[in-house]
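Chain A is the first sequence line, chain B the second, and so forth, proteins listed ahead of strands; every chain is numbered from 1.
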Amino acid sequence: KAGVTQTPRYLIKTRGQQVTLSCSPISGHRSVSWYQQTPGQGLQFLFEYFSETQRNKGNFPGRFSGRQFSNSRSEMNVSTLELGDSALYLCASSFTSERQYFGPGTRLTVL
Amino acid sequence: AQSVTQLDSQVPVFEEAPVELRCNYSSSVSVYLFWYVQYPNQGLQLLLKYLSGSTLVKGINGFEAEFNKSQTSFHLRKPSVHISDTAEYFCAVGAQGGSEKLVFGKGTKLTVNP
């Protein structure tokens, strides 16, 4: 089976712009979660989608949003980018809560 | 709510020496426990997990961990490390039943020196 794929792998944006990141889960997995990883804050949970519904949400401002499509692919969007949004964004998919599979991440740099 | 504390941010060791990476957690509900490894510019790879049953869990690459409920700990060990084990290691906790949300520790950077 193919693993979790994330596109693009690297992205450079400027402050005030918006960005959309994409995640394709492992075939058969219906849950997709997103995490932000920064040197200062570590790995922080953004949100989780299951069958196109947001099931859980972390403590991030409304500028961070996501959605999931009927084929379980997910996108996350960050509007009005700030310098502090520079991070590695990781997507994980799972069939049950007993194991999540992580993608390679998207490295976002905000200038 | 859950929280995870990794007691050492950096652990330097020599090749073939044993290593222990410490992790403590707190939770008001039953949890699953995980250790992940991250190599530079890569995602997270699962090393091992504790779901239930035997408190000693064996994982990939010769790692093992012991779940201690009374001390709320889940320390990771390897009897003999290799240069290739140099990476960052994350302990994580997830609540049993329902949500896929994981709460991670801050990570421990393991450096194996020749």
Side-chain angles (χ1 to χ4, degrees), chain A residues 3-7 9-10 21 23-26 29-51 53-60 66 68 72 74 87-109, chain B residues 1-10 21 23-25 27 29-54 57 59-60 65 67 74 87-109:
Chain A
V4 178
T5 57
Q6 293 188 243
T7 55
R9 289 294 311 277
Y10 301 91
L21 313 182
C23 171
S24 292
I26 291 171
H29 288 187
R30 291 163 65 189
S31 173
V32 173
S33 299
W34 288 88
Y35 294 84
Q36 182 196 64
Q37 184 177 22
T38 60
Q41 300 299 315
L43 280 152
Q44 293 185 285
F45 173 78
L46 279 156
F47 27 64
E48 179 215 344
Y49 287 86
F50 181 84
S51 292
T53 301
Q54 188 180 87
R55 190 156 72 169
N56 209 338
K57 189 178 190 309
N59 283 334
F60 279 82
Q68 187 180 33
S72 293
S74 177
L88 180 67
Y89 290 87
L90 292 166
C91 163
S93 77
S94 62
F95 185 71
T96 72
S97 58
E98 295 179 3
R99 176 163 185 176
Q100 293 192 41
Y101 295 78
F102 283 81
T106 293
R107 173 79 59 186
L108 172 66
T109 302
Chain B
Q2 295 86 43
S3 68
V4 177
T5 302
Q6 290 183 243
L7 295 141
D8 306 295
S9 59
Q10 297 188 59
L21 306 184
C23 172
N24 286 94
Y25 72 94
S27 177
V29 300
S30 296
V31 295
Y32 299 139
L33 293 158
F34 306 86
W35 275 99
Y36 285 89
V37 61
Q38 186 177 38
Y39 299 100
N41 298 314
Q42 293 188 29
L44 300 175
Q45 180 183 3
L46 181 68
L47 276 177
L48 48 77
K49 59 183 177 181
Y50 172 79
L51 304 179
S52 64
S54 173
V57 180
I60 63 171
F67 169 60
F74 190 54
E88 190 146 25
Y89 292 78
F90 293 92
C91 180
V93 63
Q96 290 188 19
S99 172
E100 311 295 295
K101 175 184 175 180
L102 293 176
V103 175
F104 286 88
K106 293 289 191 187
T108 298
K109 178 76 172 73

Next on the checklist: Please rank A92(A), S31(A), G58(A), S33(A) by heavy-atom pairs under 4.5 Å with chain B and give me the top one.
Outcome noted: S31(A)
Item to check | Between F47(A), Y101(A), F45(A), the one whose heavy-atom pairs under 4.5 Å with chain B are most numerous | outcome: F45(A)
Item to check | Rounded distance (nearest 0.5 Å) linking atom CZ of R99(A) with atom CZ of F34(B) | outcome: 9.5 Å
Item to check | Per-residue contact mode, Y35(A) against chain B (heavy atom under 4.5 angstrom) | outcome: side chain
Next on the checklist: To check you understand the geometry: which heavy-atom pair defines the closest contact between Q100(A) and Y36(B), and what is its length?
Outcome noted: O-OH, 3.5 Å
Checklist entry - Where on K101(B) is there a heavy atom nearer than 4.5 Å to chain A: the side chain, the backbone, both, or neither? => result both
Item to check | Residue pairs involving residues 38-54 of chain B (criterion side chain to side chain donor-acceptor pair (under 3.5 Å); sequence neighbours excluded) | outcome: Q37(A)-Q38(B)
Next on the checklist: Taking side chain as everything from C-beta outward and backbone as N, CA, C, O, which of these in L90(A) sits under 4.5 Å from a heavy atom of chain B? Side chain, backbone, both or neither.
Outcome noted: side chain
Checklist entry - Which region of L44(B), side chain (C-beta onward) or backbone (N, CA, C, O), has a non-hydrogen atom less than 4.5 Å from a non-hydrogen atom of chain A, or is it both or neither? => result both
Checklist entry - Are side-chain heavy atoms of F102(A) and L102(B) found at a separation under 4.5 Å? => result yes
Checklist entry - Hey, which of G105(A), G42(A), S94(A) has the most heavy atom pairs under 4.5 Å with chain B? => result S94(A)
